[in-house]
Amino acid sequence: MKMTVHCFDFTELSYRFMRVLVFFDLPVITEENRKAYRKFRKFLLKSGFMMLQESVYCKLALNGSAVNAIIEKVHKNKPEEGLIQLLSVTEKQYAKMDIIVGESKSEVLDTDERLVIL
């Protein structure tokens with residue numbers, strides 16, 4: 001009996017990883033607006049998006065087909081009011097993002113700062 005063993009080299013598979021970024025500006029004036037905002041945000045989190053900043057969320061996609069499916073789901077779950085923008089970029093483009101972080105300030109005064117106030 002002849003047995004054939006197949007070995008796959010997964011490094012040669014050509015996945016084109018992409019990111020879908022969602023930017024949104026939703027009204028929160030009325031209680032109904034706030035409810036729609038919370039519902040949309042929960043949808044994003046349950047769908048695997050992670051928050052980059054306030055009102056900016058991101059999700060990794062395997063390829064262009066997955067991106068299209070994600071975009072379609074966002075369209076189906078959009079609130080009635082507000083602005084939602086979607087941007088698809090390759091993982092290589094996303095990796096080139098500059099991240100600039102300023103100093104964080106604490107509201108708690110350290111010992112030296114307390115002595116100056118007194």
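Note: hydrogens, waters and symmetry copies are ignored here, and every other heavy atom, side chains too, is used.
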Atom OH of Y94 and atom CG of L52: how far apart are they, to the nearest 0.5 Å?
4.5 Å
Candidate pair F17 and L60, rule side-chain contact (heavy atoms from CB on, under 4.5 Å), full reasoning
CA-CA 7 Å; F17 289 105; L60 182 66; 4.3 Å; yes
Is any NZ, NE, NH1 or NH2 atom of the basic residue among K39 and E32 found under 4.0 Å from an Asp or Glu carboxylate oxygen of the other?
no
To the nearest 0.5 Å, what is the distance between CG (L21) and OG (S88)?
8.0 Å
Within this structure, what is the CE-CD1 distance for the pair M18 and I70, rounded to the nearest 0.5 Å?
10.0 Å
Identify the two heavy atoms, one from G82 and one from P27, that lie closest to each other, and give their separation to 0.1 Å.
CA-CD, 3.7 Å
Between L86 and F23, is the side-chain contact (heavy atoms from CB on, under 4.5 Å) condition met? List the steps.
CA-CA 6 Å; L86 301 167; F23 308 88; over 6 Å; no
Under the salt bridge (Lys or Arg N to Asp or Glu O under 4.0 Å) definition, can you give me all pairs with a residue in residues 62-86, not counting sequence neighbours?
E72-K76
Might you work through the side-chain contact (heavy atoms from CB on, under 4.5 Å) test for V22 and L87, ending with a clear yes or no?
CA-CA 7 Å; V22 177; L87 176 65; over 6 Å; no
State, to 0.1 Å, how close F40 and L26 come at their nearest heavy-atom pair, and which atoms those are.
CD2-CD1, 4.0 Å
Passes side-chain contact (heavy atoms from CB on, under 4.5 Å), F24 versus V56? Steps please.
CA-CA 7 Å; F24 61 93; V56 180; over 6 Å; no
Rounding to 0.5 Å, atoms SG (C58) and CG (L44) come to a distance of 11.0 Å
Test item: side-chain donor near acceptor, S65 and N68, under 3.5 Å
no
Can you pull the salt bridge (Lys or Arg N to Asp or Glu O under 4.0 Å) pairs that have at least one residue in residues 83-93, sequence neighbours excluded?
R19-E91
Nearest atoms (heavy-atom pairs only) where I84 meets V74:
CG2-CG1, 4.4 Å
Just verifying a value: how many Å separate S55 OG and Y37 OH, rounded to the nearest 0.5 Å?
4.5 Å
Going from OG1 on T30 to NZ on K35, what distance comes out if it is rounded to the nearest 0.5 angstrom?
11.5 Å
